Amino acid sequence: MIISYIKLVNWRNFRLAETEMGPRVFIVGPNACGKSNFLDVFRFLRDIAKPGGGLQKAVNDRGGISKIRSLSARRYPDVEIEIHLAEKPEQEPVWKYAIGIKQDVRGFRKPYLVYERVWKGNEQILNRPDSDDEKDKERLTQTHLEQINANERFRDIHRFFVSILYLHLVPQLLRFPEAFAGPNMSDDPFGRNFLERVTKTPEKTRKARLKKIEEVLRKAVPQLKELKHVKDEMGIPHLEAVYEHWRPKAGKQREDQFSDGTLRLIGFFWSLLEGESLLLLEEPELSLNAGIVQKLAPIIHKLQKQRKRQVIVSTHSFDLLSDKGIGGEEVILLTPSHEGTKVQLASSILEVWDLLESGMSIGEAALPRTAPSNIHQLEFVFK
Amino acid sequence: MNEIPINLVVEDSLSEAVLRKLLEVSGKRFAVGACYGHGGFGYIKSRIMGFNNAAKGTPFLVLTDLDKSDCPPVLINEWFSGQKNHNLIFRIAVREVESWLLADRNGFAKFIRIRETLIPADVENIGDPKQFLIDLVRKSPKTTLKNDIIPRERSTAKTGPNYNGRLVDFVYHGWNIRTAQRNSHSLDKTVAALSKFIPV
C-alpha cells in the first residue's frame with residue numbers, strides 16, 4: 001500500500017496543503033520551508049500508532065500542540081491530518097484516515113481529538129466523537145488508532161503506520177554513540193544505534209544485505225572490500241571492512257574509521273533493503289560525491305520496485321534531480337508564503353511542465369523556483 | 001498597473017544582477033520569479049528552445065554574451081531559426097555583460113578609483129571585456145578590490161575569488177544605467193525593449 005493523498009491543516013509550516021503522492025516522492029524547497037516538517041507528519045502518525053506510543057506521547061514528544069500548530073493558523077486552530085491509502089497509485093483509496101486535534105484551553109492542556117474518522121473504501125466505519133465520547137470526554141485524549149481493541153476494523157491502517165521507517169543517518173552519532181549522552185530517541189532516527197539494528201537482524205538476512213551493500217561499495221568506494229558484521233572481545237558489534245592500500249597486506253577498518261560518505265551509503269542501502277513499508281529519507285545526498293548522487297533516484301526505484309514500497313525523499317540536490325527518469329508528478333515543491341508553505345506537484349505548474357517537455361531534467365526545470373527570493377543579495381552581507 | 005511576472009535566464013550571477021537592476025529601473029512593474037541558468041553560454045544555448053517553449057505561459061528574459069560571434073542577428077538566427085516566442089525577451093550583451101558596466105565610464109572609474117579616460121567610449125569594440133576590466137583594476141589603488149577581482153598569481157582561475165560579488169555590488173550601488181546607455185548600443189536597445197514590453 002502507498003499513501004496516495006495527504007491533506008494538512010495547520011500542521012507546522014502548512015496552513016492548508018494537500019497533494020497526491022505516488023510510489024516515489026521527492027520533496028524540494030528552500031531552507032526552512034518545511035521539508036522535514038512534511039516528513040514529520042508520517043512519523044507523527046507512526047508515533048500515534050506504535051506500541052508505547054499514542055496521541056498524548058506523539059504530541060508531547062513534539063513539545064505540545066503549540067509547537068505542532070502552524071504559526072500562520074488563525075481562526076481555526078485545530079490541527080488536521082487526512083491520509084488516503086491505495087494499493088497502487090491513481091487507484092481509488094482502500095482506506096482513508098482523518099484526525100483533528102486541539103488542546104485543552106485550561107487545566108492540564110492535554111491534546112484531545114476534535115474528530116477521528118475512518119473510511120473503508122467509500123464507507124465510513126468510524127466517526128468520532130460518538131455517543132460514548134459524549135458521555136466520557138476523557139476518551140477523546142486517545143485515538144482508536146492506538147488501541148488494539150478499538151482499531152480491529154482498520155488494523156491495516158494501524159499496521160501501515162507502525163511500520164513507517166525514517167532514517168537520517170548522522171555519521172558522527174554512529175561512530176561515537178557514547179559521546180552523545182542523553183536518552184535515546186525513540187526509533188533511533190539518526191542512526192545512533194544503527195549497529196544494534198544490524199545486529200538484531202537474523203544472521204542470514206543480515207549477511208545477504210551486507211553482501212549487497214558491499215557490492216555497491218565496491219563500485220563507489222573501490223578501496224573497500226569484504227564488508228562484515230563482527231563482534232569485538234567485549235561483545236560489541238562493529239562493521240568491518242578490508243581497506244586496500246599499497247602494502248601487500250591490506251588493513252582492516254571499523255565503522256569509526258569509515259568516511260562519512262561510506263557510512264551514509266551503508267545506512268541508505270540498509271534502510272532501502274530493510275522492510276517493505278513506507279521509507280522516509282532525509283537528504284540522502286549528504287557527504288556523497290556527485291557521481292553517486294546522480295544514481296540515487298534510479299537505485300531507489302529499483303529497490304522499491306522489488307518490495308513495492310513507497311519512498312519519500314527530501315532533497316536539495318541538483319545532481320539527484322538531474323535524472324531524466326524523474327517525472328514532474330513525482331516532485332513536490334514547497335514554497336513559503338505569508339499564509340504558510342504552499343505544496344504543489346511540480347507537474348501541476350505550467351511553466352515547469354513546458355520546460356520538462358522540452359527535455360530538461362526536473363532539477364533544471366524546478367529547482368530554480370526553490371531559490372530564496374533574495375539570495376542574490378547574499379554577497380552584500382560580508383561587505 | 002499590474003505586475004508582469006517574469007523569469008530570468010542568465011549565464012552567471014553578474015548577468016543576473018544586471019537584469020534585476022534593469023527591470024527595477026524599467027518603469028514597469030516586473031515581478032521576478034525563478035532565475036534559471038548559471039551554467040554559462042553553452043547551457044543557455046542548449047536549452048534555449050525549452051525556455052522559448054515555456055515562455056508560452058510566463059515571460060522569460062534571457063541575457064547572453066555575444067562573445068566571439070559576429071553580430072547579434074546572426075546569433076539569433078542560429079539559435080531560433082525564426083521561431084522566437086513574443087514572450088521571450090532575448091537580449092545580447094556586446095560583447096560581454098562587463099561591457100555594459102564599463103559603459104558607465106564615470107561610475108566605473110569612480111568605483112575602482114582610476115581616471116575616466118582610461119576607459120574607451122566605444123566599449124562595444126573591446127575584444128575581451130573581462131580581461132580588459134581585470135587589467136583596469138590592476139591600475140586601481142584599492143588593494144582589497146584588487147585582491148577580489150584580479151586572479152591570484154600562478155592561479156588557473158580566470159578571475160579573482162570574489163569577482164562577481166564585487167561587480168554585483170557595483171551594479172546595485174554604483175552603476176548609472178542612463179550614462180551607460182549612451183556608450184552601449186546593445187544596452188540601450190535592451191532598456192528600450194524592457195520599457196516597451198507587453199506580454200501576450
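Because the structure is a prediction, the values reported are computed rather than measured.
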Considering only heavy atoms, which portion of N7(B) lies under 4.5 Å from any heavy atom of chain A: side chain, backbone, both, or neither?
->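 The side chain, not the backbone.
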
Checking heavy atoms, do the side chain of Y172(B), its backbone, both or neither come under 4.5 Å from chain A?
->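 Contact with chain A: side chain only.
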
Near K21(B) NZ, under 6.0 Å, is it more than 12 heavy atoms from other residues, nucleotides or ligands?
->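 It does: K21(B) NZ has more than 12 such atoms within range.
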
Using the ring of each side chain (for Trp, its six-membered ring), is F197(B) parallel, tilted or perpendicular to H86(B), with breaks at 30° and 60°?
->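 Plane angle under 30°, so parallel.
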
Output the option from K56(B), E16(B), R20(B), M49(B) having the highest count of non-hydrogen pairs under 4.5 Å with chain A.
->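 Going by pairs under 4.5 Å, I would pick R20(B).
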
Contact leader toward chain A among G50(B), A55(B), S13(B), where contacts are heavy-atom pairs under 4.5 Å |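 Heavy-atom pair counts peak at G50(B).
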
Name of the residue among W100(B), F170(B), W175(B), F132(B) meeting ring pair (Phe, Tyr, Trp, His ring centres under 6.0 Å) with F108(B) =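 It is F170(B), the one option of W100(B), F170(B), W175(B), F132(B) that forms the ring pair (Phe, Tyr, Trp, His ring centres under 6.0 Å) with F108(B).
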
Determine whether the aromatic ring centres of W11(A) and F44(A) lie less than 6.0 Å apart.
->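 Here the rings of F44(A) and W11(A) have centres that are less than 6.0 Å from each other.
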
